[in-house]
Amino acid sequence: MIDFKLLDKKWNDYWEKHNLNKFNEKNIDKKYYSLVMFSYPSASNLHLGHWYNYAPADTFSRFKRMQGHEVFAPMGFDSFGLPAENFAIKTGTHPMDSTNANIKTMQKQLAGIGAMYDPSSYLETSDPSYYKFTQWLFLKLFEKGLAYQKLAPVNFCTSCQTVIANEQVIDNKCERCSADVEKREMTQWFFSITKYAEELLQKLDTLDWPSKTVAMQKNWIGKSTGGEISFELECDDCKKKCNEKITVFTTRADTVFGVSYVVLAPEHPFVEKITTEKQKKEVQEYVKNTLKISDLDRQTSKEKTGVFTGAYCVNPANGEKIPVYIADYCLMNYGTGAVMAVPAHDERDFEFANKYNLPIKKVIESMQYNGQVSLLPFVEKGVLINSGAYSGLESNKAIRQILKDLEKVKKGQAKTNYRLRDWSVSRQRYWGAPIPIVHCEKCGIVPVPEKDLPIELPYNVQFTRDGVNPLSKCEEFINTTCPKCKKSARRESDTLDTFVCSSWYFLRYPDANNATLPFDTNKIAKMLPVDKYIGGAEHACMHLLYSRFITKAFRDMGYLNFDEPFASLVHQGLILGKDGFKMSKSRGNVVNPDLYVNEHGSDVFRMYLMFGFSFIEGGAWNDDGILALKKFLERVWRLVEKVSASLKSTPFATLEFNFDLSYAMHYAIKHVTEDLEKLSFNTAIARLMELVNSIYKHIESGTSLSLVSEVVQTLIKLLAPFAPHIAEELHQIMGGEGSVFSHQFPVCDENALVKLETELAVQVNSKIKSKVIVPTSATNEEIEKIALADEKVIESTNGANPKKVIIIKDRLINIIV
RNA sequence: GCGGUUGUGGCGGAAUGGCAGACGCGCUAGACUUAGGAUCUAGUGUUGCAAGACGUGGGGGUUCAAGUCCCUUCAACCGCACCA
């Protein structure tokens, strides 16, 4: 028996030599853009997760290719990022060096998968030829007012020593290193993703994406429609001091008659101005304490606390004088940082009001339980009561009417709010694309002219533990001249979030060697959107959201002619350790793919990954499973050797048709095709196994050699996307021409699936009682006649006349008596 | 609390409302053997000697027919979360 792993290199070299993986632009009309998420070159090699993403994706690409599509399947490296720099601080190895070394290792391992990656589209985001255009992207956004700098409270990771985006904060910990995240006030660069909030939300419904990912993005964008209502301050003194009114955001304007106080976030700018002398000490103390405790504690300690400011304001709906409180359950970063509190109809306000003895006034009654009085807090919508002229109105109607009426007197208006924040892209670290901005004392913030790009990272920098960005300490980098006034100026030392690099890489792939432009608009118009994007679910609210935003921004600048980058998205599942837990070094349950690939070869491993799991579910690793696939491929191998040997000894075998074998072949073709289309790899392989079993049976019963050989050749083509190396070798053994991948994927002949006779299940009163064989062409009357004549049917009906007979073609007949 | 997903043999997993458990692992028996992680053959949901009965987390319902649709309930996983 051949050692499969010997085939890997042979055929990889063959594909490379014959340029088989290169996208042919002549066939651009038939393009199929098959994309996987590119790799991050971490020190720890290609892991099982990569394999589980890339191997099945390659099978899909190869399938599409054999179907006649011109498949574009690129691969590159997302090679900037904090881990490389942290590694440098620890070991002294320069990030550029360690990254390049890691890339070399991973490229070797990637080649082991045997995937059809187009070498000419290769890219690395840390290469100046790439980040030149990441910087270009920044300049374009800046030009359009979509990139701006502001002083803002940001998330600062204490371990990574940098700001990170909202999307990268998980449970108040850093997404990368799990260290605590602090709130800090810093001047930072932002991208205005919020300007696209509505479109990002709306277009989700047009995408062929997993419902979970769509839901997560919707949730993240967090649209809520309601209104803003203004509460004028009551005391003249306060009014004079800030000449302002407190504006709140609410989705429940219908409850405005039930407002018994107004709450400001402790950070709200009005707090200091409106607090009375008497309350000052208490308020200051409270604010101080709130800022001191972390966001995490503020979230987990759900008990409501707060302090009265001493100020009062007026409810615009009924003129009531109500107190103004500050409380940490009111968040500064949502809405207006102020809320109207309606204890009767909001759980939080209810709790707070009870604690501080504030009035609770019911203004909504349930519509569902007639006569029955609803318990407080009643948070559903209903009918207004105790609400002046609005009493009796249904909530939704009242919301519209009240906001409309308030607008007339300039005390309110309808308003939509989003939870999405602008994307913070500044990173106080070295290993990223430098932000192409110069700070000039005279001219202020000056963008670097396009012709000066790329602003290259200096190699000679010091990596220390002091938490200071090496770039800001590098005089040769920092000191420059202002592009406007030519006087000496300083470069921006922040670099871009690596998610900026990955938010446009799929646009670069098709034109990866373009030195003057990030991509050619006309070419991109033909190559995108991506037809199938396969990658992990963990990017739902980061990469997958950012990429959509960048695509829309570029579209609006005229560089792109499509709205969405990824038409169809699939997340592969997660492969767990043998113990059923997520693989981790600390658990010691990490499965190293290299071991298996080195032992059994790439194809056996690929096929196990596809057969042993439901692709989108994943599951626990199991060593036994892989041997099953080895056995299967060896069984195929023996079959092919046997058939090819017989062909040599009796080359003039005559064709003798065998319906059953032909049927088995076309059945397999049909279902493998359908299953691959759905990325249902495990069932597709099951159909291949059935076909192999069937061929063996027919060989034993002496079916004609020429038919068997035709079926075997078909089998090899069906197998090719799954086990590309072995299939090439088998194709050659069978005397096939060239690469098996330059052949058409087999096409099912539906006529071959029409049987002369069909077996039907016979039910009596919906219970299976018997089976009958009927001619496929039989009419319903004939089928009924045959079924009623069946012994077991007669027995179970006692010869009674059927009341009703249901016949489902090719499946069953149900006789109701 | 909100949103999403999943519950099927000993195991991984299949089933356009139409014969539940495809395919494979494992297991049992047998064949062949220079004894192997080999190959082949048969069997393998539970229960029964059998005919049969019972079976897709639980409970209801719709239907001639439900793993699949509806209601309800339980459990697990994932995401968001004091979002006004």
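Residue numbers start from 1 in every chain, and the chains themselves are labelled A, B, ... in the order their sequence lines are given, proteins ahead of strands.
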Of the candidates rA84(B), rC40(B), rG37(B), the side chain of Leu627(A) sits closest to rG37(B)

rA76(B) pairs with which nucleotide, Watson-Crick or G-U wobble, both distances below 3.5 Å?
-> rU5(B)

State whether Ser211(A) places a side-chain N or O below 4.0 Å from either non-bridging phosphate oxygen (OP1 or OP2) of rU5(B).
-> yes

Is Arg687(A) touching bases, backbone alone, or none of the nucleic acid, heavy atoms closer than 4.0 Å?
-> base

Return the value, rounded to whole Å, for the distance between atom CD of Gln217(A) and atom P of rC2(B).
-> 23 Å

Heavy-atom closest contact (Ile669(A) atom, Cys748(A) atom, distance) = CG2-N, 3.3 Å

Just to confirm, is there a sub-4.0 Å distance from OP1 or OP2 of rG24(B) to any side-chain nitrogen or oxygen of Asn622(A)?
-> no

Whole Å only: how far is the NZ atom of Lys631(A) from the C1' atom of rU39(B)?
-> 9 Å

Any side-chain N or O of Ser224(A) less than 4.0 Å from the OP1 or OP2 oxygen of rA84(B)?
-> yes

In terms of base orientation, is rG9(B) syn or anti, with the syn window spanning 90° either side of 0?
-> syn

Calculate the interatomic distance between Arg419(A) atom CZ and rC80(B) atom P; express it in whole Å.
-> 10 Å

N-O pairing of Lys578(A) and Asp623(A) below 4.0 Å | yes

Can you tell me the pairing partner of rC40(B) across any strand shown, Watson-Crick or G-U wobble, with both distances under 3.5 angstrom?
-> rG30(B)

Looking just at side-chain N and O atoms, do Ser694(A) and Tyr667(A) make a donor-acceptor pair shorter than 3.5 Å?
-> no

In whole angstroms, how far is the P atom of rG37(B) from the CZ atom of Phe632(A)?
-> 23 Å

Tyr329(A) has its side chain closest, among rC82(B), rG24(B), rC80(B), to rC82(B)

Side chain of Ile806(A) only, please: which of rC64(B), rC25(B), rC19(B) is the nearest?
-> rC64(B)

Is there a Watson-Crick or G-U wobble partner for rU46(B) with both distances under 3.5 Å, and which nucleotide is it?
-> rA53(B)

Under-4.0 Å side-chain N/O to phosphate OP1/OP2 contact, Ser614(A) with rA14(B) | yes

Mapping Thr251(A) and Gly625(A) to their closest nucleotides on RNA chain B, which lands nearer the 5' end?
-> Gly625(A)

Heavy-atom donor-acceptor pair, Arg252(A) side-chain to rA84(B) base, under 3.5 Å | no

Output every pair passing side-chain hydrogen bond (donor to acceptor under 3.5 Å, both in side chains) with a member in residues 806-817 of chain A, not counting sequence neighbours, ordered by first then second residue.
-> Gln763(A)-Asn814(A), Ser766(A)-Asn814(A)

Closest to the Glu690(A) side chain: rG18(B), rA22(B), rG37(B)?
-> rA22(B)

Could you state the CE-P distance from Met332(A) to rC82(B), rounded to the nearest angstrom?
-> 16 Å

Please measure how far the P atom in rG9(B) lies from the corresponding atom in rG57(B), and state the result in whole Å.
-> 8 Å

Do any side-chain nitrogens or oxygens of Asn333(A) fall under 4.0 Å of OP1 or OP2 in rC83(B)?
-> no

Across all chains, not counting sequence neighbours, the ring pair (Phe, Tyr, Trp, His ring centres under 6.0 Å) partners of Tyr325(A) are Tyr261(A), Phe308(A), Phe352(A)

Can you check the Arg638(A) CZ to rA38(B) C1' distance for me, whole Å?
-> 8 Å

Here the distance between atom P of rG24(B) and atom CG of Leu691(A), to the nearest Å, is 12 Å

Of Gly337(A) and Ser766(A), the one whose closest RNA chain B nucleotide lies more 5' | Ser766(A)

Please evaluate the base of rC80(B) for a donor-acceptor partner in the side chain of Asn219(A) within a cut-off of under 3.5 Å?
-> no

Ala628(A), nearest nucleotide to its side chain (from rC25(B), rC78(B), rC83(B)) = rC25(B)

Closest heavy-atom contact between Leu639(A) and Tyr696(A)?
-> N-OH, 3.4 Å

Spell out yes or no: do the side chain of Lys803(A) and the base of rC64(B) have one donor N/O and one acceptor N/O closer than 3.5 Å?
-> no

